[in-house]
Amino acid sequence: FYGSIPPELGKLKLLAYIDFFQNQLSGALPDGFNNLTHLNSIWLSQNYLTGHLPQNICIGSSLTWFTVSENDFVGAIPRSLKNCSSLRRISAADNQLSGNISEEFGFSPYVEHINLNNNKFFGQLPWNWSSYLTLTELTISNNNLSGRIPAGLGEVSRLQKLHLSSNHLYGKIPRSL
């Protein structure tokens with residue numbers, strides 16, 4: 001597919017699954033994306049989409065997969081993702097997303113995969129990680145993170161992959177890891 005996503009898509013209030021992976025879609029997402037409160041999965045990766053991500057994308061608390069990598073989105077992570085108890089996977093790598101990482105975090109304790117590589121996030125990683133019960137992969141390489149690696153990451157018992165390279169982190173790797 002090529003061109004923009006039609007605004008009529010936002011009128012499909014019971015839409016549960018969007019998969020526009022690997023196309024040539026361009027332009028901003030229609031405002032109607034905020035009305036899609038029954039979405040379970042959204043796959044928009046590998047397109048030419050621009051603009052801000054819809055802030056209310058998980059207002060219905062049914063979203064499990066949010067995959068928007070390899071586009072040109074700007075701005076912050078949608079605020080509704082921070083309280084989205086159903087969210088299991090967030091992949092927003094290779095965009096122009098930005099914001100203080102300590103304010104952007106706060107995802108569901110049941111999230112399994114977080115990939116925010118190659119964006120413009122800054123600030124220090126949060127210290128409290130004990131609430132992440134199922135996190136297996138955390139990748140936030142190639143951003144502008146600073147400070148030390150939090151020892152609390154060692155409390156994430158299921159963590160298998162941790163990628164924090166190409167940031168401005170300093171100090172020793174915490175013994176807990």
Side-chain angles (χ1 to χ4, degrees), residues 18-22 29 39-55 57-58 63-177:
I18 295 176
D19 185 351
F20 292 144
F21 175 74
Q22 207 172 25
L29 297 177
L39 277 179
N40 180 276
S41 296
I42 184 166
W43 292 72
L44 299 175
S45 295
Q46 296 183 12
N47 282 287
Y48 302 98
L49 297 168
T50 60
H52 293 271
L53 293 167
Q55 289 300 306
I57 198 70
C58 189
L63 189 66
T64 57
W65 288 66
F66 183 75
T67 308
V68 296
S69 296
E70 297 182 53
N71 281 289
D72 206 17
F73 289 117
V74 298
I77 295 288
R79 65 181 165 267
S80 63
L81 290 182
K82 296 175 192 169
N83 298 315
C84 189
S85 60
S86 57
L87 190 64
R88 299 297 177 263
R89 180 182 185 91
I90 178 170
S91 184
D94 301 301
N95 281 287
Q96 301 297 315
L97 298 172
S98 61
N100 189 327
I101 200 72
S102 62
E103 296 170 8
E104 296 295 322
F105 259 82
F107 299 115
S108 161
Y110 302 107
V111 71
E112 299 165 3
H113 174 98
I114 300 171
N115 185 347
L116 302 175
N117 284 346
N118 302 315
N119 279 291
K120 297 180 177 181
F121 293 110
F122 59 89
Q124 297 183 7
L125 284 169
W127 287 90
N128 183 8
W129 289 87
S130 60
S131 63
Y132 288 89
L133 308 173
T134 58
L135 186 64
T136 59
E137 185 171 338
L138 175 64
T139 57
I140 315 178
S141 295
N142 199 26
N143 280 277
N144 290 308
L145 305 184
S146 59
R148 298 182 183 275
I149 298 172
L153 278 171
E155 297 174 13
V156 183
S157 62
R158 294 189 180 179
L159 191 62
Q160 297 172 13
K161 291 183 183 180
L162 176 63
H163 296 272
L164 300 173
S165 63
S166 299
N167 281 292
H168 305 287
L169 300 171
Y170 61 86
K172 295 181 179 182
I173 296 174
R175 173 165 259 137
S176 62
L177 286 173

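The 12-atom threshold is exceeded at CZ of Phe21, counting heavy atoms of other residues, nucleotides or ligands nearer than 6.0 Å. Taking a 6.0 Å sphere around CZ of Phe20, one finds it holds more than 12 heavy atoms contributed by other residues, nucleotides or ligands. Counting heavy-atom neighbours within 6.0 Å of Leu133 CG, excluding the residue itself, gives a total above 12.
Contacts of Ser176 classified as side-chain contact (heavy atoms from CB on, under 4.5 Å), with partners at least two apart in sequence or in another chain: Ala151, Pro174. Shown here are the side-chain contact (heavy atoms from CB on, under 4.5 Å) partners of Ala76, two or more places apart in sequence or in another chain: Glu104. For Ser69, the side-chain contact (heavy atoms from CB on, under 4.5 Å) partners at least two apart in sequence or on another chain are Ser45, Ser91, Ala93. Legend: residues meeting side-chain contact (heavy atoms from CB on, under 4.5 Å) with Asn167, ordered by chain and number and at least two apart, are Asn143, Leu145, Leu169. Judged as a ring-ring contact (aromatic ring centres under 6.0 Å, His included), and not counting sequence neighbours, the contacts of Trp65 are Trp43. Listed by chain and residue number, Trp129 satisfy the ring-ring contact (aromatic ring centres under 6.0 Å, His included) test with Tyr132 (two or more places apart in sequence, or in another chain). Remark: Phe107 engages Phe105 in a ring-ring contact (aromatic ring centres under 6.0 Å, His included) (not counting sequence neighbours). For the side chain to side chain donor-acceptor pair (under 3.5 Å) test, no residue two or more places apart in sequence or in another chain qualifies with Glu155.
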Assess whether side-chain contact (heavy atoms from CB on, under 4.5 Å) is satisfied between Leu63 and Leu81, documenting all intermediate values.
-> CA-CA 9 Å; Leu63 189 66; Leu81 290 182; 3.8 Å; yes
Would you please test Val156 and Leu138 for side-chain contact (heavy atoms from CB on, under 4.5 Å) and show each step?
-> CA-CA 10 Å; Val156 183; Leu138 175 64; over 6 Å; no
Check against side chain to side chain donor-acceptor pair (under 3.5 Å), Ser141 and Ser166 = CA-CA 6 Å; Ser141 295; Ser166 299; over 6 Å; no
Between Arg148 and Tyr170, is a side-chain contact (heavy atoms from CB on, under 4.5 Å) present by the stated rule, with each step listed?
-> CA-CA 5 Å; Arg148 298 182 183 275; Tyr170 61 86; 3.7 Å; yes
Quick one: do Thr50 and Asp72 satisfy side chain to side chain donor-acceptor pair (under 3.5 Å)? Show the steps, please.
-> CA-CA 5 Å; Thr50 60; Asp72 206 17; over 6 Å; no
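The CD1 atom of Ile18 lies 10.0 Å from the OG atom of Ser41; values are rounded to the nearest 0.5 Å. Expressed to the nearest 0.5 Å, how far NZ of Lys82 lies from CD1 of Ile90 amounts to 10.0 Å. The line from CG of Asn71 to CG of Asn47 is 5.5 Å long, rounded to the nearest 0.5 Å. Going from atom CG of Asn117 over to atom CD1 of Ile140 covers 8.0 Å, rounded to the nearest 0.5 Å. Remark: Lys172 NZ to Ile149 CD1 distance equals 13.0 Å, nearest 0.5 Å. Going from atom CD of Gln55 over to atom CZ of Arg79 covers 4.5 Å, rounded to the nearest 0.5 Å.
Considering only heavy atoms from C-beta on, Asn144 comes within 4.5 Å of His168 through its side chain. The closest side-chain heavy-atom distance from Leu125 to Leu164 is below 4.5 Å. Using a 4.5 Å heavy-atom threshold, the side chains of Phe66 and Leu39 count as separate. For the pair Leu44 and Leu29, the minimum side-chain heavy-atom distance is below 4.5 Å.
The minimum heavy-atom distance linking Ser102 with Gln124 is given by the pair CB-O, 3.4 Å. Nearest heavy atoms, Thr139 versus Glu137: CG2-OE2, 3.7 Å. Nearest heavy-atom pair across Pro78 and Pro54 is CB-O, 3.3 Å.
Residues in residues 73-128 take part in these disulfide bond (SG atoms under 2.5 Å apart) pairs, two or more places apart or across chains: Cys58-Cys84. Pairs engaging residues 123-177 under the disulfide bond (SG atoms under 2.5 Å apart) rule: none recorded [sequence neighbours left out]. Under the disulfide bond (SG atoms under 2.5 Å apart) criterion, no residue pair touches residues 114-177, with sequence neighbours excluded. The stretch residues 130-177 participates, sequence neighbours left out, in no disulfide bond (SG atoms under 2.5 Å apart) pair at all.
Each of Leu53, Leu116, Val74 was evaluated against Leu97; a single residue qualifies, Leu53, per the side chain to side chain contact (heavy atoms under 4.5 Å, CB included) test.
Looking only at distances, no side-chain donor or acceptor of Thr136 sits under 3.5 Å from a matching main-chain atom of Arg158. No donor-acceptor pair under 3.5 Å is formed between the side chain of Ser85 and the backbone N or O of Ser108. Side chain of Thr64 to backbone of Leu87: no donor-acceptor contact under 3.5 angstrom is found.
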